[in-house]
Student: 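The structure follows.
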Amino acid sequence: MSAALLSSISLVPPPVPNGEPESMQMPIIDFSKLQQTDGSRLAVIRDVETACREIGCFQVINHGISKSVMEGALSAAYDFFELPAESKAEFMSPDITKPVRYDCSNEGINKSRSYLKHYAHPLEEWIKFWPREPPTYRIKMGQYAIEVRRVALCLMHAILQSLGLGQAYLGTKLEEGVQLLAVNYYPQSTQPGVALGLAPHSDYGFITILLPSCPGLEVMDPKTKVWMSVLQPEDTLHVHIGDHLEALSNGKYRTVVHRAVLNSENSRVSIASIHGLAMNEKVRSAEELVDEQNPAMYKESSFRDFLDFLPSKEIKNKSYIDSLRIGTAE
């Protein structure tokens, strides 16, 4: 696998601001019931289908990741961003092929954000590139990476089942896929009103699982196009659909446009675990979801294709998912 590392997002034009957003409680999925074999699992699969179809995101409870592991990962993130500038500078590079990359330039969609991005699966292949400082970073973030990937695999199989494809539809391709951790830092807001930390965008992969230290995530309601502030109860994980899952579902599920706003009371860190197929594995609309009445609506693409798209996205002035939709003007 190539060591390419990138900005793992698809830029979308920002919508017209609508003032202070309303708060929104996400659909809740009880992960423990996905482990059952009776009607409880099927009921949760139906809940997954409804959430993915109607809003494209949900939150997960009873996921089995301990509070200590989640708090450890968040504290490791804070500790990294508090390091002296020269300690973080070794990971700064314009080269998106680096296995670990740090940036605080606030260019492009980064309005007020610092980030550290690195691959996490297979962990033994990538952890040697991760920061050695702070001393516990590799241990704490590695523990979380393993645990959140376990949750992600189960959720992706459940989502495939919710599409009527069967949870084993992709065979071992999910297990062999990419996991990218985007560890983000946002300063406390010092101005009134909505202050953006990260501009509106969608993620490239199948799903993203987000663990934040405090509120700051907003999602766009796909029907009203209104920004909604996400309420995230303690110990829950936030999950949203990415570009490649929209393509696989042939548009039945839609990628989530979201943004990060600065918190007026605290600085904020978030850990986004992005999951998809392997670097060169093509994603295409599932044949089972394509027929004469519902022709394929998306071009096939891979993570590698997304990398190739990045340098030209500003020129094209379109998002990655728009570039995949058949019939979208070039």
Side-chain angles (χ1 to χ4, degrees), residues 1 8-9 26-35 41 44-45 47-49 51-52 56-66 69-70 72-74 77 117-127 140-163 165-184 202-212 217 232 235-249 253 255-256 258 270-279 281 283 302-303 306:
M1 179 189 296
S8 54
I9 52 185
M26 293 287 113
I28 299 295
I29 300 300
D30 188 339
F31 185 84
S32 65
K33 293 182 179 179
L34 288 175
Q35 316 302 308
R41 175 180 170 85
V44 175
I45 294 296
D47 291 340
V48 169
E49 190 276 334
C52 291
C57 52
F58 53 86
Q59 290 173 351
V60 179
I61 60 173
N62 299 325
H63 42 69
I65 304 179
S66 70
V69 168
M70 291 191 292
L74 290 172
K117 295 185 179 182
H118 50 67
Y119 292 116
H121 178 74
L123 186 61
E124 62 274 12
E125 179 178 339
W126 298 112
I127 197 169
K140 291 180 177 180
M141 199 63 71
Q143 289 175 333
Y144 177 72
I146 292 171
E147 288 295 295
V148 76
R149 183 173 179 273
R150 169 186 57 81
V151 174
L153 288 173
C154 184
L155 290 175
M156 288 189 287
H157 288 306
I159 290 170
L160 291 175
Q161 187 175 353
S162 77
L163 285 166
L165 300 173
Q167 58 178 320
Y169 174 72
L170 290 173
T172 62
K173 291 181 179 180
L174 292 179
E175 284 74 8
E176 297 166 353
V178 168
Q179 178 186 11
L180 175 69
L181 293 185
V183 185
N184 307 298
S202 63
D203 294 346
Y204 86 91
F206 267 33
I207 65 171
T208 296
I209 300 181
L210 188 70
L211 174 66
L217 174 66
Q232 188 159 346
D235 298 335
T236 62
L237 297 171
H238 178 86
V239 180
H240 57 240
I241 299 304
D243 296 348
H244 274 163
L245 187 53
E246 176 177 329
L248 178 79
S249 73
Y253 299 162
T255 191
V256 176
H258 55 286
S270 67
I271 304 171
S273 186
I274 303 171
H275 301 264
L277 298 189
M279 184 71 67
E281 188 70 46
V283 177
S302 65
F303 188 11
F306 174 68

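Remember, it's a predicted structure, so these values are computed and weren't measured experimentally.
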Student: By side-chain contact (heavy atoms from CB on, under 4.5 Å), which residues pair with Thr208, not counting sequence neighbours?
Tutor: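 With sequence neighbours excluded, Thr208 shows a side-chain contact (heavy atoms from CB on, under 4.5 Å) to Asp203, His240, Ala272, Ile274, given in chain and number order.
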Student: Do Leu217 and Pro212 make a side-chain contact, defined as non-hydrogen atoms from C-beta onward lying under 4.5 Å apart?
Tutor: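 Side chain of Leu217 against side chain of Pro212, heavy atoms only: no contact under 4.5 Å found.
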Student: Which residue, Val256, Ile207, Ile241, Leu210, forms the side chain to side chain contact (heavy atoms under 4.5 Å, CB included) with Cys57?
Tutor: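 Among Val256, Ile207, Ile241, Leu210, the one meeting side chain to side chain contact (heavy atoms under 4.5 Å, CB included) with Cys57 is Val256.
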Student: Name all residues meeting the side-chain hydrogen bond (donor to acceptor under 3.5 Å, both in side chains) criterion together with Tyr144; count only those two or more places apart in sequence or in a different chain, and write none if there are none.
Tutor: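 By the side-chain hydrogen bond (donor to acceptor under 3.5 Å, both in side chains) rule, Tyr144 matches no residue at all.
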Student: Against Ile45, only a single residue in Gln161, Lys33, Gln167 fulfils side chain to side chain contact (heavy atoms under 4.5 Å, CB included); can you say which?
Tutor: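 Looking at Gln161, Lys33, Gln167, the match for Ile45 under the side chain to side chain contact (heavy atoms under 4.5 Å, CB included) is Gln161.
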Student: Rounded to the nearest 0.5 Å, how far apart are CD1 of Ile28 and CG of Asp47?
Tutor: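 Between Ile28 CD1 and Asp47 CG, I get 10.5 Å after rounding to 0.5 Å.
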Student: Starting at CG of Leu211, measure out to CE of Met70 and round the result to the nearest 0.5 Å.
Tutor: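 It comes to 6.5 Å.
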Student: So do Phe58 and Val60 actually touch side chain to side chain, heavy atoms under 4.5 Å?
Tutor: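 Yes, close enough: below the 4.5 Å cut-off.
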Student: Would you give the length of the straight line joining atom NE2 of His258 to atom NE2 of His238, rounded to the nearest 0.5 angstrom?
Tutor: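 So the gap between those two atoms works out to 7.5 Å.
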Student: Locate the shortest heavy-atom distance separating Gly142 from Leu123; write the atom from each residue and the value.
Tutor: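 That would be O-CD2, 3.9 Å.
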Student: Counting only N and O atoms by type, is there a donor-acceptor contact under 3.5 Å from the side chain of Arg149 to the main-chain atoms of Pro122?
Tutor: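 Such a contact is absent between Arg149 side chain and Pro122 backbone.
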Student: Using the side-chain hydrogen bond (donor to acceptor under 3.5 Å, both in side chains) criterion, which residues pair with Gln232? Sequence neighbours excluded.
Tutor: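 By the side-chain hydrogen bond (donor to acceptor under 3.5 Å, both in side chains) rule, Gln232 matches no residue at all.
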Student: Determine, stepwise, if the pair Leu248 / Leu160 fulfils side-chain contact (heavy atoms from CB on, under 4.5 Å).
Tutor: CA-CA 9 Å; Leu248 178 79; Leu160 291 175; 3.5 Å; yes
Student: Could you check whether any side-chain N or O of His63 sits under 3.5 Å from a backbone N or O of Asp235, counting only pairs where one atom can act as donor and the other as acceptor?
Tutor: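 Yes, His63 side chain to Asp235 backbone: donor-acceptor pair under 3.5 Å.
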Student: Report yes if the side chains of Val239 and Met26 come closer than 4.5 Å at any heavy-atom pair, otherwise no.
Tutor: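 A side-chain contact is absent here, since even the closest heavy-atom pair is not under 4.5 Å.
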Student: Mind checking whether His244 and Phe206 have parallel, tilted or perpendicular rings, split at 30° and 60°?
Tutor: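 Judged by the thresholds at 30° and 60°, the geometry between His244 and Phe206 is perpendicular.
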Student: Just how far is it from atom CG of Leu174 to atom CG of Leu277, taken to the nearest 0.5 Å?
Tutor: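 Between Leu174 CG and Leu277 CG, I get 6.0 Å after rounding to 0.5 Å.
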Student: So, taking the atom named CH2 in Trp126 and the one named CG in Leu180, what distance separates them when rounded to the nearest 0.5 Å?
Tutor: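 One finds 10.0 Å between CH2 of Trp126 and CG of Leu180.
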Student: Is there a side-chain contact (heavy atoms from CB on, under 4.5 Å) between Cys154 and Gln35 once you walk through the steps?
Tutor: CA-CA 9 Å; Cys154 184; Gln35 316 302 308; 3.5 Å; yes
Student: In the structure I gave you, are the side-chain heavy atoms of Phe303 and Val283 within less than 4.5 Å of one another anywhere?
Tutor: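 Phe303 vs Val283: side chains apart.
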Student: Listed by chain and number, what are the side-chain hydrogen bond (donor to acceptor under 3.5 Å, both in side chains) partners of Glu175, not counting sequence neighbours?
Tutor: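 In terms of side-chain hydrogen bond (donor to acceptor under 3.5 Å, both in side chains), with neighbours along the sequence ignored, Glu175 is linked to His157.
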Student: In Å and rounded to the nearest 0.5 Å, what is the NZ to CD distance from Lys173 to Glu281?
Tutor: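 One finds 4.0 Å between NZ of Lys173 and CD of Glu281.
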Student: Report yes if some heavy atom in the side chain of Tyr253 is under 4.5 Å from a heavy atom in the side chain of Glu49; otherwise report no.
Tutor: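 In short, these two side chains touch, coming nearer than 4.5 Å.
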Student: Which residues satisfy the side-chain contact (heavy atoms from CB on, under 4.5 Å) test with Ala120, sequence neighbours excluded?
Tutor: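 With sequence neighbours excluded, Ala120 shows a side-chain contact (heavy atoms from CB on, under 4.5 Å) to Trp130, Ala145, Gln179, Leu181, given in chain and number order.
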Student: Any donor-acceptor pair under 3.5 Å linking the side chain of Glu246 with the backbone of Thr255?
Tutor: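 Yes.
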Student: Under the side-chain hydrogen bond (donor to acceptor under 3.5 Å, both in side chains) rule, collect the residues that match up with Asn62, sequence neighbours excluded.
Tutor: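 Residues passing side-chain hydrogen bond (donor to acceptor under 3.5 Å, both in side chains) with Asn62: Asp30.
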